Structures are given as C-alpha cells and as structure tokens.
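These notes are about the structure you will find just below.
This structure is a prediction, so every number in the text was calculated from the model and none was measured. Throughout, protein chains are lettered first and strands after them, A, B, ... in sequence-line order, and every chain is numbered starting at 1.
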Amino acid sequence: MPIALIDANNFYVSCERVFRPDLEGKPVVVLSNNDGCVVARSAEVKALGVAMGVPWFQIKKLAQKEGIIALSSNYTLYADMSQRMMTILSDFSPIQEVYSIDECFLDLHGVAPEQCRQIGQTARQRIRQWLGLPVGVGIAPTKTLAKLANHLAKKQPEYAGVCVWEEIPEQKQAEILQQLPVTEVWGIGRQWGKRLQEIGILTVWDLQNADPRPMRQRFSILMERMIRELRGESCIAMEEVALPKQEIQSSRSFGRPVKTMEELGEAISIYIARATSKLRRQNSVAAALRVYIRTNPFQTSLPQYQAARTVVLSQPSQDTRIFLHAGKLALTQMYREGFAYAKAGVHLLEISSAQSVQADLFGDAEAESRANHLMATLDQINARFGKSIVQPGIAGWQEPRGWAMKRGNKSPAYTTRWAELARVTLK
DNA sequence: TCTGGGGTCCTAGGACCC
DNA sequence: TCTGGGGTCCTAGGACCC
C-alpha cells in the first residue's frame with residue numbers, strides 16, 4: 001500500500017522567492033528569531049557548505065564574500081503558503097496527514113506503481129504552477145521508505161523530483177541502500193548514528209539487514225520499528241486528524257539580556273497569554289504550568305543560572321488569568337538577582353479536553369461561565385485586530401519592550417495583510 | 001557583540017506500596 | 001546488628017523530528 005511523502009525544497013527560502021523572483025538563483029538564507037541561526041538555505045548556500053542551524057554571526061564574513069542574502073523569518077507568510085499547499089495536495093487522496101509546515105503524507109493504497117508516478121508528477125506540477133513552490137515526491141510502501149524515496153527524488157536528478165521506490169529494480173535498490181549513510185533514515189539522529197557506527201552499522205543497507213529484536217534491546221522499540229519499516233513492513237500508521245497537542249509551549253530568546261524580575265515577568269506574561277490562547281483554540285484545558293528562565297549558556301565567562309518551576313493547578317483551566325497568577329508565583333520562587341537572563345519560556349502541561357472537565361466541587365459555576373465568556377471575547381478581539389491587542393492586565397506593559405526580539409530583515413506579509421499585498425506588474 | 005522555537009516518544013530511576 | 005522482592009506510578013532527561 002504505497003504512501004507518498006511530498007515536501008517543499010528549502011521551504012522558507014522558496015516562499016520568499018515566490019514574492020521576490022529576483023532572489024532566484026542567488027544564495028539565500030532565512031534566519032531564526034532574533035536573526036540568530038540559519039534555519040533555511042537555498043541550494044546555492046548548501047553548496048557553499050553552510051550547515052543547517054549555524055549561528056548567523058559565524059558565517060557573516062563568508063556571507064559578505066559570497067553575497068549571501070539573509071532574510072528574517074516571516075512565519076505568517078510561511079504558514080499561509082503551507083495551508084495553500086496542503087489544500088492543493090488534499091485533492092490527490094482522501095487520506096492526508098500533514099506532518100509539518102512543509103510536508104505531508106498521502107495514502108495511495110490500491111494505486112498501481114505506474115499510476116503513483118502519474119499522481120506524483122501531477123501533484124508536483126500543480127504546486128509549482130499554482131503556488132510557485134518546488135516540491136519533491138517520494139512514494140513507497142512505508143513512511144520510512146517514502147522519506148528515503150523523497151530524499152532520492154531531490155538528490156538524484158534522474159528521478160526529476162518524483163521517486164517511486166517500487167519501480168526501482170531490486171538490484172538497484174540494494175545498491176542505493178548500500179551507499180546511503182544510516183543517518184539518512186528518518187529517526188536516526190547524531191547520537192544513534194554514532195552508536196550504530198560503533199557496532200559496524202554504517203549504511204541504510206546495514207540497518208535494514210540488522211536483526212530487529214536484539215536491536216530493540218540495545219536501543220529501543222523505535223529502532224525495531226524503523227528496521228521493519230525499511231523492510232517494507234508498515235509500522236507507522238497514517239494519522240489523518242491532527243490530534244490536540246499534549247503540551248503547549250511558548251518561549252523566546254530576548255533581543256538583549258534581561259536582569260530584573262519585572263521584565264522577566266512581563267515576558268512570561270506574554271508567553272502565557274500566547275500559550276493559553278493556543279490552548280483555547282484547540283478547546284483544551286491544562287492542569288499544570290511550567291515556567292523556566294535561563295542565562296545564555298554560550299556566554300561561559302558570565303555567571304550561569306537556570307531554573308524551572310512547575311505549578312499544578314487545583315483544577316484544569318483555560319483562563320489566562322489563572323495561569324498568570326501561577327506564573328508569577330513560579331517566577332518569584334526561582335528568580336535570582338545578578339544574572340543576565342537570555343531566555344524564558346512556559347509550558348502548559350497535563351492537557352485534556354475542555355468538555356471532559358469535572359465541575360469543581362468548590363468552584364463557582366457562574367463565575368466560571370463568566371470567565372469563559374471573557375476569554376472567548378478576548379480571543380475574538382485579538383483574532384480580528386491582530387495578535388495581542390488586548391491582554392489581561394499585567395504590570396509593566398509600557399512600550400517599547402526593550403527585550404523584544406530582533407528581526408532586521410523581514411519580508412512583508414504578502415498574503416495576509418491588505419497593506420502589504422504583493423504588487424504584480426503585468427508587461 | 002551576535003547561538004531558534006515547538007513538538008513527540010521512550011527509558012531510567014526514584015518514590016512508594018504491599 | 002541483621003536489611004527482600006516485586007509491582008506501579010511519576011518525573012526528568014535524552015533522543016528524535018521539522
């Protein structure tokens with residue numbers, strides 16, 4: 001039962017290029033928040049040997065020499081492009097799993113290999129034509145193999161962007177696997193790669209031919225599953241509906257070091273507002289809040305401090321104000337003076353459906369209903385007029401927030417704000 | 001000077017109980 | 001002074017992904 005994996009090439013860079021055709025063919029990177037790290041690279045930049053995730057300041061010199069163009073990330077634009085891409089692809093199968101912002105699986109069971117190729121090619125052309133994004137397509141009997149096929153589709157010109165694993169003769173398949181390093185397998189990262197190397201497993205072929213049982217003992221059940229998937233036995237099911245998040249985080253590094261509890265509190269309040277809004281959007285409640293603060297671990301010459309506190313609520317809630325209160329408590333407990341804090345964040349934990357909440361025996365049903373109404377109104381206003389226009393009262397909302405992140409070179413919201421719509425000149 | 005953010009799953013080990 | 005064995009539950013931390 002074939003599964004297709006479609007994903008965009010250098011997604012963030014490609015999105016930027018759709019609205020800036022002049023960037024085509026040029027070395028382009030997109031940077032993370034605070035313009036900190038490289039999170040997307042065009043093919044030209046990859047060819048220069050720039051690794052994923054490197055700090056921008058480390059390659060600034062090279063960038064200058066090679067004329068690399070750096071853009072701040074524009075997540076609103078990428079999210080919107082992603083949605084359009086997923087909608088187009090949903091036409092090709094009734095069963096679609098959106099796996100990340102730039103990739104999805106399509107279930108093609110019952111479709112013959114030749115037909116799979118046809119579907120892959122059409123999908124690829126359509127995304128290119130309708131959206132302007134380049135995508136690669138891998139089709140194989142399991143998700144893990146589809147990932148590998150997708151890798152081949154992008155790397156080997158002979159496949160022209162669409163690789164159907166089952167069309168490849170067995171002998172050729174073996175040759176391919178013998179040449180692919182084991183770290184190309186979906187689920188094998190740096191650490192496991194190293195450990196596999198120690199026991200003589202270097203290529204995907206080696207892993208495919210390892211005995212799953214002892215490998216499970218040595219690593220974990222995930223390893224066994226991976227080996228079976230490589231052998232064509234489907235172990236990772238399609239997940240069509242997006243399950244509600246079991247954990248919701250919000251965190252940011254600061255644009256400059258932060259020292260006072262007031263400023264930390266201000267940041268944490270905003271993260272809580274953001275996280276609880278996500279929580280309500282998926283119609284959930286959370287029973288615990290974890291807050292953490294830390295100095296910059298890379299500044300080894302400075303005194304380091306990091307701390308985290310979990311506050312368990314007496315009852316699961318989705319009320320921003322309750323979490324704000326808990327957050328303040330956590331911060332007061334762990335804050336230490338005399339450190340330059342670089343980052344703070346919050347996690348909402350023990351999330352469950354809002355429907356299943358037991359009424360608190362000691363609670364006030366009417367007050368709770370009023371609170372829910374208040375939060376719903378707040379979400380509506382913010383949805384209508386832009387994020388974070390209205391926030392529950394917290395100390396210290398003066399603008400500008402000195403610690404807010406740096407984004408030096410962000411592109412306009414081409415697709416989501418009238419004022420910034422792309423202007424097209426017809427010739 | 002400048003090093004992202006948001007997730008999931010699994011395991012080891014401690015606490016606790018009988 | 002001597003100091004078992006087995007189970008469950010929870011949490012922290014590690015590994016992975018994009």
Side-chain angles (χ1 to χ4, degrees), chain A residues 5 7-12 29-41 50-61 63 70 72-75 78-79 82 97-105 143-144 147 150-151 182-196 216-226 235-236 239 242-257 271 274-275 278-279 282 287-288 290 292 294-302 306-310 312 340 342-351 405-408:
Chain A
L5 174 71
D7 77 344
N9 307 350
N10 329 320
F11 184 60
Y12 296 170
V29 295
V30 172
L31 303 177
S32 65
N33 284 333
N34 278 318
D35 295 344
C37 299
V38 171
V39 291
R41 306 156 294 157
V50 174
M52 182 69 167
V54 292
W56 170 234
F57 75 89
Q58 279 177 11
I59 60 157
K60 249 183 183 163
K61 265 200 176 146
S72 306
S73 38
N74 182 349
Y75 290 109
Y78 312 148
S82 169
E97 175 185 340
V98 176
Y99 179 68
S100 76
I101 191 159
D102 76 326
E103 62 190 306
C104 73
F105 291 102
K143 281 182 165 179
T144 305
K147 275 269 191 185
N150 179 279
H151 174 81
V182 72
T183 43
E184 289 298 338
V185 176
W186 183 41
I188 305 286
R190 285 253 287 279
Q191 296 305 313
W192 279 17
K194 214 188 293 171
R195 282 177 63 194
L196 285 169
R216 174 182 178 158
Q217 295 304 315
R218 203 184 262 264
F219 292 85
S220 87
I221 188 170
L222 298 172
M223 184 63 84
E224 178 179 4
R225 213 178 286 165
M226 257 178 263
C235 304
I236 308 173
E239 280 168 22
L243 299 168
K245 303 269 180 262
Q246 300 170 36
E247 201 183 311
I248 292 173
Q249 313 178 15
S250 178
S251 66
R252 290 285 181 283
S253 301
F254 304 133
R256 60 157 173 82
Y271 305 155
R274 205 177 277 151
K278 282 191 205 167
L279 183 71
Q282 68 165 30
R290 189 166 178 82
Y292 69 88
R294 69 161 169 78
T295 52
N296 185 345
F298 298 102
Q299 295 275 304
T300 44
S301 56
L302 291 180
Q306 57 170 319
R309 287 285 183 286
T310 306
V312 178
K343 184 176 182 178
V346 304
H347 287 177
L348 301 181
L349 306 164
E350 292 173 44
I351 290 176
M405 50 177 189
K406 290 182 288 194
R407 288 203 288 183

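- Heavy atoms of A/Asp102 sit under 4.0 angstrom from primed sugar atoms or phosphate atoms, though from no base atom.
- C/dC17 atom C1' lies 14 Å from atom CZ of A/Arg190, rounded to whole Å.
- Remark: the backbone N or O of A/Val50 is paired with a side-chain donor or acceptor of A/Arg41 at under 3.5 angstrom.
- In this entry the distance linking CD1 of A/Ile351 with P of B/dC9 reads 13 Å, nearest Å.
- At the heavy-atom level, A/Trp186 lies under 4.0 Å from the strands shown only through sugar-phosphate atoms.
- Where A/Leu222 and A/Gln249 each meet DNA chain B at their nearest nucleotide, the meeting point lying more 5' is that of A/Gln249.
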**A/Phe219 vs A/Arg195, side chain to side chain contact (heavy atoms under 4.5 Å, CB included): CA-CA, chis, key distance, verdict** = CA-CA 9 Å; A/Phe219 292 85; A/Arg195 282 177 63 194; 3.8 Å; yes
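- Comparing B/dT3, B/dG6, B/dG5 by their closest approach to the side chain of A/Pro55 singles out B/dT3.
- The listed nucleotides are C/dA12, B/dG6, B/dT8; the one nearest the side chain of A/Arg290 is C/dA12.
- Taking atom CD of residue A/Glu97 and atom P of nucleotide C/dC18, one finds them 13 Å apart after rounding to whole Å.
- Listed nucleotides B/dT8, B/dC10, C/dA15 differ in distance to A/Gln246; the shortest reach to its side chain belongs to B/dT8.
- Atoms CH2 (A/Trp192) and C1' (B/dC10) sit 8 Å apart, rounded to a whole Å.
- Distances shown here put every side-chain N or O of A/Ser220 at or beyond 4.0 Å from the OP1 or OP2 atom of C/dA15.
- Note on A/Leu31: nothing from the nucleic acid sits closer than 4.0 angstrom, heavy atoms only.
- Aromatic ring pairs are classed by plane angle as parallel below 30°, tilted from 30° to 60° and perpendicular above 60°; the pair A/Tyr78 and A/Tyr12 is parallel.
- Using a 4.0 Å heavy-atom distance criterion, A/Ser250 is classed as a sugar-phosphate-only contact.
- Comparing atom distances between the A/Gln191 side chain and each of B/dG7, C/dC16, B/dG4 picks out C/dC16 as nearest.
- At B/dG5, none of the side-chain N or O atoms of A/Lys278 fall inside 4.0 Å of OP1 or OP2 (strictly under the cut-off).
- Minimum atom distance to the side chain of A/Cys37 is reached by B/dT3, of the listed B/dT3, C/dA15, C/dC18.
- Here A/Ser73 does not reach the OP1 or OP2 of B/dG4: none of its side-chain N or O atoms lies under 4.0 Å away.
- Note on A/Glu239: nothing from the nucleic acid sits closer than 4.0 angstrom, heavy atoms only.
- A/Asn34 has no side-chain polar atom (N or O) that falls below the 4.0 Å cut-off from OP1 or OP2 of B/dC2.
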**Message:** Apply side chain to side chain contact (heavy atoms under 4.5 Å, CB included) to residues A/Val346 and A/Arg274 and explain how you reach the verdict.
**Reply:** CA-CA 10 Å; A/Val346 304; A/Arg274 205 177 277 151; over 6 Å; no
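- One can place CZ of A/Arg216 at 11 Å from C1' of B/dC10, the figure rounded to the nearest angstrom.
- Look at B/dT11: its Watson-Crick or wobble partner, with both distances under 3.5 angstrom, is C/dA12.
- Rounded to an integer number of Å, the gap from CG of A/Leu349 to P of C/dG13 is 14 Å.
- Counting only heavy atoms from C-beta on, A/Ile221 has its side chain closest to B/dT11 among B/dT11, B/dG5, B/dG7.
- A/Arg225 comes within 4.0 angstrom of sugar-phosphate atoms only, judged by non-hydrogen atoms across all strands, and of no base.
- With B/dG6, C/dC16, C/dC18 as the choices, the nucleotide that has an atom nearest any side-chain atom of A/Lys147 turns out to be C/dC18.
- In this entry the distance linking CE of A/Met52 with C1' of B/dG5 reads 12 Å, nearest Å.
- Partner A/Leu31 forms a side chain to side chain contact (heavy atoms under 4.5 Å, CB included) with one of A/Asp35, A/Asn34, A/Asn33 and no other, that one being A/Asp35.
- Residues A/Lys343 and A/Ser251 meet the side-chain proximity criterion, which asks for heavy atoms closer than 4.5 Å.
- Nearest nucleotide to the side chain of A/Ser100, out of C/dC18, B/dG5, B/dC10: C/dC18.
- Among the protein residues, A/Ile101 comes within range of no part of the nucleic acid, since none of its heavy atoms lies under 4.0 Å from any strand.
- Taking the nucleotide of DNA chain B with the nearest heavy atom to each of A/Lys245 and A/Gln58, the more 5' of the two is matched to A/Gln58.
- Across C/dC17, B/dC10, B/dC2, the shortest atom-to-atom separation from the side chain of A/Tyr99 is found for C/dC17.
- Comparing atom distances between the A/Arg252 side chain and each of B/dG4, B/dG6, B/dG7 picks out B/dG6 as nearest.
- If you measure from atom CD1 of A/Ile236 to atom P of B/dC10, you get 11 Å, rounded to the nearest angstrom.
- Look at A/Glu184 and A/Lys147 and you find no salt bridge, because none of the NZ, NE, NH1 or NH2 atoms lies under 4.0 Å from a carboxylate O.
- Here A/Gln299 does not reach the OP1 or OP2 of B/dT1: none of its side-chain N or O atoms lies under 4.0 Å away.
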